[in-house]
Engineer: 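This structure is in structure tokens; I'll ask about it shortly.
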Number of protein chains: 2
Amino acid sequence: MSPRRSDPATKPALVDIAARLLAENGPQALSTRRIAAEADSSTMTVYTHFGGMSGLVREMVREGFARLQERLTSVRSTDDPVADMALLGRAYRINALANPHLYAVMFGGSSLAGFSLSEEDRQHGRYTLGNVAECAERCLTSGRFRPGDAILVAHQMWTAIHGLVTLELGGYLIPPYDADTCVEAQLVGLMVSAGDDWQAASESVARSLTRIGEIETA
Amino acid sequence: MSPRRSDPATKPALVDIAARLLAENGPQALSTRRIAAEADSSTMTVYTHFGGMSGLVREMVREGFARLQERLTSVRSTDDPVADMALLGRAYRINALANPHLYAVMFGGSSLAGFSLSEEDRQHGRYTLGNVAECAERCLTSGRFRPGDAILVAHQMWTAIHGLVTLELGGYLIPPYDADTCVEAQLVGLMVSAGDDWQAASESVARSLTRIGEIETA
DNA sequence: GTTAATAGATATCGCTGTTATGCAACAATG
DNA sequence: CATTGTTGCATAACAGCGATATCTATTAAC
């Protein structure tokens with residue numbers, strides 16, 4: 001009447017193995033046979049637990065967004081919401097640089113391989129913007145930002161930082177400008193475009209740099 | 001003493017076939033056997049002409065950047081450099097939407113598959129920014145933009161629009177904001193962050209929308 | 001203890017990129 | 001024009017991939 005139950009610890013263990021293979025040996029190493037070899041089992045484990053390779057990839061995308069969310073929530077709210085926002089941008093970038101392959105799968109993997117993200121997965125991705133939108137709301141109510149829609153502001157922050165990080169990971173940044181310089185300029189520019197004063201934005205961005213320890217350890 | 005020469009027209013023909021397969025049937029259709037079947041030849045053609053699948057992909061990346069460059073150069077210079085800049089942004093996005101799979105290979109294909117772009121390929125990508133930097137220079141000399149470095153300004157334009165397009169193609173844009181609304185907001189924000197007046201930027205961005213015909217046919 | 005249902009192993013299929021082999025076609029040379 | 005060296009391309013094969021069918025054995029419920 002009742003079936004055999006599998007070890008509930010094997011599923012996250014498989015995700016861990018897959019994440020490690022992806023981080024250490026690149027996307028080529030993400031094969032059912034290699035994962036099975038690392039887990040001392042057969043290729044069937046991937047199918048019984050995730051229904052296939054794409055299911056495992058989707059689980060890894062969830063894991064990637066969880067790491068991003070964790071990094072973003074490590075930014076504490078202070079009385080300088082613009083500095084908080086700048087630190088959120090830095091946290092986003094640091095998370096991407098810490099998990100480059102995972103980041104590539106999260107945002108660029110849907111079209112190249114056969115992996116199609118479901119609408120629920122995308123919704124998970126959009127939840128990530130919650131932290132940013134909340135901070136944007138504080139920036140708006142504090143009067144630092146021009147009156148407007150918090151979600152739209154958060155969106156602009158996301159797209160700009162995401163684009164910068166994507167090009168940085170792809171090696172498309174133009175010498176002699178290093179990534180750090182571009183990040184500073186991008187952050188200040190974003191705050192100004194949202195309505196903040198130039199000098200105040202520069203100071204807040206500089207202040208966020210002093211709080212880099214909040215997000216580096218997380 | 002002298003070898004047999006192949007038809008010089010077969011190489012671009014293969015690139016065309018590959019680009020068509022990619023656009024119509026997605027990345028999965030990019031296989032040596034499928035290409036060979038379309039070209040009425042064997043899988044060896046890919047190796048004799050490109051040295052392998054990655055070589056063909058690199059050639060397609062070059063093709064993708066060529067199309068982007070062609071679209072960007074179709075933007076004519078007027079006495080409103082900010083409107084020209086906004087139209088460059090629209091051209092960038094329209095090119096990406098017209099060639100979504102190719103765009104994905106150009107910027108997201110290096111990490112997921114085994115295709116590694118050489119430094120020369122990346123340099124080709126950076127040349128794309130030449131049009132934008134030129135336009136940024138005109139925005140700076142006209143006094144619309146705050147004094148600064150044209151390349152850095154062009155960089156911020158690129159990263160922001162690239163990020164927006166990437167998220168749009170990935171389906172990560174947040175309802176109820178459609179992509180067009182985000183584009184308008186992003187463009188105006190970019191001009192303001194570069195130093196332009198808010199109202200003047202809004203007018204120039206709106207003016208660029210009336211010139212959309214310059215880039216849609218190209 | 002019996003039984004039903006599932007986890008996992010094995011083998012296989014169809015597909016992929018890649019390579020070794022062989023042949024045919026061309027360009028240069030005499 | 002004949003020879004010859006070089007190369008393009010076809011055929012077949014190999015290693016690897018994801019996916020599946022089949023089978024065994026384990027486990028939870030009765």
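These numbers come from a predicted model, not from an experiment. Lettering of chains follows the sequences in order, A, B, ..., and the numbering in each one begins at 1.
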Engineer: Assign B:S31 to base, sugar-phosphate, or nothing according to its heavy-atom contacts below 4.0 angstrom with the strands shown.
Structural biologist: sugar-phosphate
Engineer: Looking just at side-chain N and O atoms, do B:Y103 and B:H162 make a donor-acceptor pair shorter than 3.5 Å?
Structural biologist: yes
Engineer: Distance-only, no hydrogens or angles: does the A:D84 side chain make a donor-acceptor pair with backbone N or O of A:T78 under 3.5 Å?
Structural biologist: yes
Engineer: Using a cut-off of 4.0 Å on non-hydrogen atoms, how would the nucleic acid contact of A:L56 be classed: base, sugar-phosphate, or nothing?
Structural biologist: nothing
Engineer: Just how far, in rounded Å, is C1' of C:dC15 from CZ of A:R33?
Structural biologist: 11 Å
Engineer: Assign B:T32 to base, sugar-phosphate, or nothing according to its heavy-atom contacts below 4.0 angstrom with the strands shown.
Structural biologist: base
Engineer: To the nearest Å, give me how far apart CZ (A:F50) and P (C:dG8) are.
Structural biologist: 11 Å
Engineer: Considering just the side-chain nitrogens and oxygens of A:T48, establish if one lies under 4.0 Å of OP1 or OP2 belonging to C:dG8.
Structural biologist: yes
Engineer: For residues A:N95 and A:R67, is any side-chain donor paired with an opposing acceptor at under 3.5 Å?
Structural biologist: no
Engineer: Please give, in whole Å, the distance from C:dT18 P to B:M53 CE?
Structural biologist: 8 Å
Engineer: If you assign each of A:R34 and A:T43 to its closest nucleotide in DNA chain D, which residue comes earlier from the 5' end?
Structural biologist: A:R34
Engineer: Does a donor on one side chain and an acceptor on the other come within less than 3.5 Å for A:Y177 and B:D149?
Structural biologist: yes
Engineer: Can you measure A:Q28 atom CD to C:dG17 atom P for me and round it to whole angstrom units?
Structural biologist: 12 Å
Engineer: Rounded off to whole Å, could you give me the OH-to-P distance for the A:Y47 and D:dC17 pair?
Structural biologist: 12 Å
Engineer: What is the distance, to the nearest angstrom, from the CG atom on A:L30 to the P atom on D:dG16?
Structural biologist: 17 Å
Engineer: Separation of B:D7 atom CG from C:dA25 atom P, in whole Å?
Structural biologist: 16 Å
Engineer: Would you kindly give the CE-to-P distance between B:M44 and C:dG22, to the nearest whole Å?
Structural biologist: 15 Å
